[in-house]
Amino acid sequence: MISFLEVEWLKTRRSLIRWIVFLSPIIISGCAVSYLIYRKDISNYTIYQSFFSIWSACIIPIGVGIITGYLIYEENLSNSFNIILSNGINRKKFYLAKFLFSIIAQAVCTFLAVIILCFGMNVLNSNNLDIALFLKASLFSIIGTLPIMAIHLIISFIFGMGASIGAGICGFLVATFIGTTAIGDNIWMFIPWSYPVKMSMIPYILQMNNTELLAQIQSQINLLFLLSIILSAIFLIVGVIWYNNCEIRDNRGD
């Protein structure tokens, strides 16, 4: 699997993936810091909540759509899928490598954005943001990303990059209303795109040491972890089975 991941990394050498992963967090977090250093009245909790609401509900759904869609688009463009057929490359490992690489790319992008935000605010504005808390929230957010990454990978393989990006935009709109407002309190569990923003709020709640509050939402926290793992496994298995049995064709003209 490591060799497959190394190949995936090499494939992105001249693609937009590296620009998306490394440049987007610099731009987004840089803009956030530039705005927040002039807002002395904003608390650390508001910064935490605002950043992860925007990042997890807006950036992640669209980013997942772009990353998975572009990875598959590049494979179609280079006709690599037909090469897989002729060389007898293990399709299951190839598919799983796409999934793992997509998750790693999204994780690097998220962690980099958080590090830039915390470093910028602590140095320029003396906010003393708890970087460990922000990194933990990033990790939780990435766990919540697993099912939508698996879903988008299937969409990208079957329908192409445009459909994946379109689904990401729809996911962003849904996550904004369902994941960040009280509107979705009773239906968020049916909307995987809301999981990242819900998951990212857990670390702050845990560090509050509010026993009563924690007891009230413990079942929701357990459900989030359970749904993220189970749904990602289901969609990943479905994708692997489909890809292992599909007839690959040249889509460069699509």
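Computed from a predicted model, the values in this text were never measured in an experiment.
Under the 30°/60° scheme for interplanar angles, the aromatic rings of Y73 and Y70 are found to be tilted. Using cut-offs of 30° and 60° for the angle between ring planes, the Y48 and Y45 rings count as parallel.
The closest side-chain heavy-atom distance from I202 to F225 is below 4.5 Å. Put simply, the side chain of W188 reaches to within 4.5 Å of the side chain of L223, judged on heavy atoms. By the 4.5 Å heavy-atom criterion applied to side chains, N222 and L226 are not counted as neighbours. Contact check for L133 versus P203: side-chain heavy atoms found under the 4.5 Å cut-off. Looking at heavy atoms from C-beta onward, I28 lies out of side-chain contact with I116 at the 4.5 angstrom threshold. Using a 4.5 Å cut-off on side-chain heavy atoms (C-beta onward), C58 and T176 make contact. You'll find the side chain of N44 stays beyond 4.5 Å of the side chain of D130, heavy atoms only. Residues L96 and L236 have side chains in contact (heavy-atom distance under 4.5 Å, counting atoms from C-beta outward).
A donor-acceptor contact under 3.5 angstrom links the side chains of T68 and S164, judged on distance only. In this structure, a donor-acceptor pair under 3.5 Å is present between the side chains of S56 and S141.
Annotation: the span from C109 atom SG to I104 atom CD1 amounts to 14.0 Å, rounded to 0.5 Å. The CD atom of Q106 sits 10.5 Å away from atom NE2 of H152, with the distance rounded to the nearest 0.5 Å. A distance of 10.5 Å separates CG of L16 from CG of L23, quoted to the nearest 0.5 Å. Once rounded to the nearest 0.5 Å, the distance linking CG of L129 with CZ of F134 reads 4.5 Å. To the nearest 0.5 Å, the span separating CG on L153 from CD1 on I148 amounts to 12.5 Å. Atoms CG and OG1, from L139 and T110 in turn, are 10.5 Å apart once rounded to the nearest 0.5 Å.
Across every non-hydrogen atom of Y195 and G144, the tightest pair is CB-O, 3.6 Å. Of all heavy-atom pairs spanning L224 and M199, the tightest one is CB-SD, 3.5 Å. Heavy-atom minimum distance, A167 versus W193: O-NE1, 4.2 Å. Nearest heavy-atom pair across S138 and V114 is OG-CG2, 2.9 Å. Contact between P25 and I20 at its shortest, heavy atoms only, is CD-O, 3.8 Å. Heavy-atom minimum distance, I143 versus S228: O-CB, 3.6 Å.
For the ring pair (Phe, Tyr, Trp, His ring centres under 6.0 Å) with Y95, the qualifying choice from F157, F235, W242 is F157, the only one to do so.
Under the 4.5 Å side-chain heavy-atom criterion for Ile, Leu, Val, Met, Phe, Trp and Tyr, I241 and F159 are members of distinct hydrophobic clusters. With hydrophobic clusters built from ILVMFWY side chains whose heavy atoms lie under 4.5 angstrom apart, I237 does not share a cluster with F94. If you chain together hydrophobic residues whose side chains sit under 4.5 Å apart, I229 and F190 fall into the same group. The hydrophobic cluster containing W19 does not contain I165, counting ILVMFWY residues as joined when their side-chain heavy atoms lie under 4.5 angstrom apart, directly or transitively. Taken together through direct or relayed side-chain contacts under 4.5 Å among Ile, Leu, Val, Met, Phe, Trp and Tyr, I115 and I27 form parts of separate hydrophobic clusters.
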**OP:** Run the numbers on F22 and V108 for side-chain contact (heavy atoms from CB on, under 4.5 Å), then give the verdict.
**Re:** CA-CA 8 Å; F22 295 108; V108 169; 3.9 Å; yes
**OP:** Show your reasoning for whether side-chain contact (heavy atoms from CB on, under 4.5 Å) applies to F101 and I17.
**Re:** CA-CA 11 Å; F101 184 82; I17 297 296; 4.3 Å; yes
Subject >> Full working for side-chain contact (heavy atoms from CB on, under 4.5 Å) between S53 and M201 >> reply: CA-CA 9 Å; S53 292; M201 298 300 160; 3.4 Å; yes
Original post:
So L135 and F111, side-chain contact (heavy atoms from CB on, under 4.5 Å) or not? Walk me through it.
Top reply: CA-CA 7 Å; L135 289 175; F111 286 127; 3.7 Å; yes
Original post:
Where do T46 and S43 land on the side-chain hydrogen bond (donor to acceptor under 3.5 Å, both in side chains) test, with the steps shown first?
Top reply: CA-CA 5 Å; T46 302; S43 66; 2.9 Å; yes
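Within 6.0 Å of OH on Y204 lie more than 12 heavy atoms contributed by other residues, nucleotides or ligands.
A donor-acceptor pair under 3.5 Å links the side-chain atoms of S102 to the main chain of K98, judged by distance alone. Side-chain atoms of S29 come within 3.5 Å of backbone atoms of A113 as a donor-acceptor pair (strictly under, hydrogens ignored).
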